[in-house]
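Reminder, nothing fancy here: chain letters follow the sequence lines and each chain counts from 1.
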2 protein chains.
Amino acid sequence: MMNQSETREKVLAAAERLCQTRGYNGFSFRDLAELVGIRSASIHYHFPAKADLGKALIIRYRQKMETILLEIDRRESTVAGRFKRFIATLREILKDENRMCLCGILAAEAGTLSPEMKAELRRFFDECEAWLAAQLLVGRQRGELAFAGSPTTAARTMFGAVEGAMIASRAFNDDSRLVESANWMFAQMAAT
Amino acid sequence: MMNQSETREKVLAAAERLCQTRGYNGFSFRDLAELVGIRSASIHYHFPAKADLGKALIIRYRQKMETILLEIDRRESTVAGRFKRFIATLREILKDENRMCLCGILAAEAGTLSPEMKAELRRFFDECEAWLAAQLLVGRQRGELAFAGSPTTAARTMFGAVEGAMIASRAFNDDSRLVESANWMFAQMAAT
DNA sequence: GTCTATAAGATGATAGAC
DNA sequence: GTCTATCATCTTATAGAC
């Protein structure tokens with residue numbers, strides 16, 4: 001028998017995978033239980049309602065992203081290098097079972113999510129956009145990038161483009177779409 | 001009593017709305033029947049399986065988009081004007097009940113869709129991207145736009161950005177996100 | 001074409017034994 | 001913590017009357 005946090009983590013990992021491939025409304029507690037190797041009633045012990053699971057899913061995913069972004073900052077010093085590694089991380093998700101960004105697919109399904117889930121979702125977008133905006137600002141200050149308007153608007157556009165490109169990549173089963181779009185955007189912002 | 005095509009159209013219109021707000025896996029034949037004012041069994045008369053309804057939904061949406069794009073070409077002569085009107089059309093969708101582009105939300109749920117639905121979905125992306133690419137090519141030839149690489153890559157990136165911006169707009173319940181991102185992208189491509 | 005009736009299975013969720 | 005058992009409800013889908 002496993003302790004609480006061990007099973008909880010297994011459930012979250014499996015649920016994340018299911019949600020990324022089939023969407024929040026595309027998987028059930030039974031699908032999840034089967035994947036983890038326990039009964040669906042046991043899932044309810046850890047997450048009373050599906051919305052509780054959904055909320056935990058977003059928080060965990062956001063925390064993982066925070067770690068990834070910190071690691072990128074640590075390992076890459078140039079804006080170009082950071083952006084490239086950011087895209088590479090997302091590409092890995094696509095390559096693995098054609099998964100989508102968890103929060104991108106959830107945002108598409110926002111109409112059926114609990115208010116709490118939607119609030120957590122917005123935080124994820126806020127954080128990713130803030131990180132991108134910080135990179136863009138530095139890039140412009142260093143004279144590496146050229147773009148009009150606020151870094152915030154540029155970051156929102158870029159992150160939206162990344163999420164949209166992931167969706168299209170999935171539809172066409174072609175992860176090169178994400179990379180091509182990312183490269184194009186960065187080239188378009190390269191200072192002349 | 002209504003003739004076949006009349007009810008069929010009512011069903012499709014209601015299903016489109018439900019799908020745009022709740023996603024394909026977020027509405028049932030009963031929800032749909034209630035909205036149309038008939039019984040769910042009657043829906044099955046027009047669309048034996050849900051995937052048949054889904055396929056018809058995409059084809060109809062794509063045809064409507066084709067009409068919209070032709071109309072835009074007819075009424076606007078400049079690339080900037082056409083792009084602006086294209087975005088305005090999508091913004092209207094967002095303003096109305098915070099709806100999402102039908103094919104954007106379906107592409108996000110692609111993992112649960114029938115192969116036929118996925119094929120129709122790709123056609124929608126192909127057509128929108130082809131239209132955008134044609135506009136971008138003309139814009140560059142006229143010296144109004146400046147961008148590197150093929151119009152196809154630029155168009156794919158822009159359309160992905162538009163879909164992504166719609167998703168974010170929905171999550172934040174703020175349709176200005178779409179417009180700001182669209183304006184930013186166009187400004188970024190404006191020839192100096 | 002639309003209805004009632006119904007099937008067969010899935011779904012989120014709970015009670016209570018171990 | 002996990003199980004069995006069970007629930008009420010919902011889901012897609014079909015048969016057959018009108």
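A:Glu16 has a carboxylate O that lies under 4.0 Å from a charged side-chain N of A:Lys64, or vice versa, which qualifies the two as a salt bridge. With respect to the salt-bridge test (charged N to carboxylate O, under 4.0 angstrom), the residues A:Glu120 and A:Arg60 do not qualify. In this structure, A:Glu127 does not pair ionically with A:Arg122, as no charged nitrogen and carboxylate oxygen lie closer than 4.0 Å. A salt bridge is defined here as a Lys NZ or Arg NE, NH1 or NH2 lying under 4.0 Å from an Asp or Glu carboxylate O, and A:Asp96 with A:Arg17 meets this definition.
When A:Glu92, A:Glu76, A:Glu71 are each tested for a salt bridge (charged side-chain N to carboxylate O under 4.0 Å, His left out) with A:Arg85, only one passes: A:Glu76.
Over its length, the helix from C:dG1-D:dC18 to C:dC18-D:dG1 turns its helix axis by 0°, as judged from the five terminal pairs at each end, rounded to 10°.
Using a 30° and 60° split on the angle between ring planes, B:Tyr24 and B:Phe27 fall in the perpendicular class, above 60°. Between A:Phe186 and A:Phe83, the two ring planes are parallel [angle under 30°; tilted spans 30° to 60°].
A:Trp131 contributes no side-chain N or O that, together with a main-chain N or O of A:Asp126, makes up a donor-acceptor pair within less than 3.5 Å.
Residue B:Arg39 contributes atom CZ, which lies 17 Å from atom C1' of D:dA15 at whole-angstrom precision. Taking atom NE2 on A:His46 and atom C1' on C:dA13, their separation rounds to 16 Å, with Å as the unit. Whole-Å rounding puts the A:Leu53 CG to C:dT11 C1' distance at 14 Å. Rounding to whole angstrom units, CG of residue B:Leu32 and P of D:dA13 are separated by 13 Å. Summarising the geometry, the separation between CD on A:Glu34 and C1' on C:dT11 is reported as 15 Å, rounded to the nearest angstrom. Computed from coordinates, the A:Leu18 CG to C:dT11 C1' distance equals 15 Å when rounded to whole Å. Rounded to whole angstrom, the span from the CD1 atom of B:Ile38 across to the C1' atom of C:dC3 amounts to 11 Å.
Residue B:Ser42 places at least one side-chain N or O under 4.0 Å from the OP1 or OP2 atom of C:dC3.
A distance of 11.0 Å separates CE in A:Met100 from SG in A:Cys19, rounded to the nearest 0.5 Å.
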Could you go over nucleotides 14-18 of chain C and give all protein N or O partners under 3.5 Å, atom names and distances?
none

Provide a list of protein-nucleic acid N or O atom pairs under 3.5 angstrom, restricted to nucleotides 8-11 of chain D.
from	atom 1	to	atom 2	distance (Å)
D:dT11	OP2	B:Ser28	OG	3.0

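B:Asn25 and B:Thr112 form a side-chain donor-acceptor contact under 3.5 Å, judged by distance and modelled atom types alone.
Crowding of B:Arg91 atom CZ: a count of heavy atoms from other residues, nucleotides or ligands under 6.0 Å exceeding 12.
Partners of B:Arg30 by salt bridge (charged side-chain N to carboxylate O under 4.0 Å, His left out), not counting sequence neighbours: none found. Under the side-chain hydrogen bond (donor to acceptor under 3.5 Å, both in side chains) criterion, B:Gln20 pairs with B:Arg99, not counting sequence neighbours.
A heavy atom lying under 4.0 Å from DNA chain C marks none of the residues of residues 54-61 of chain B.
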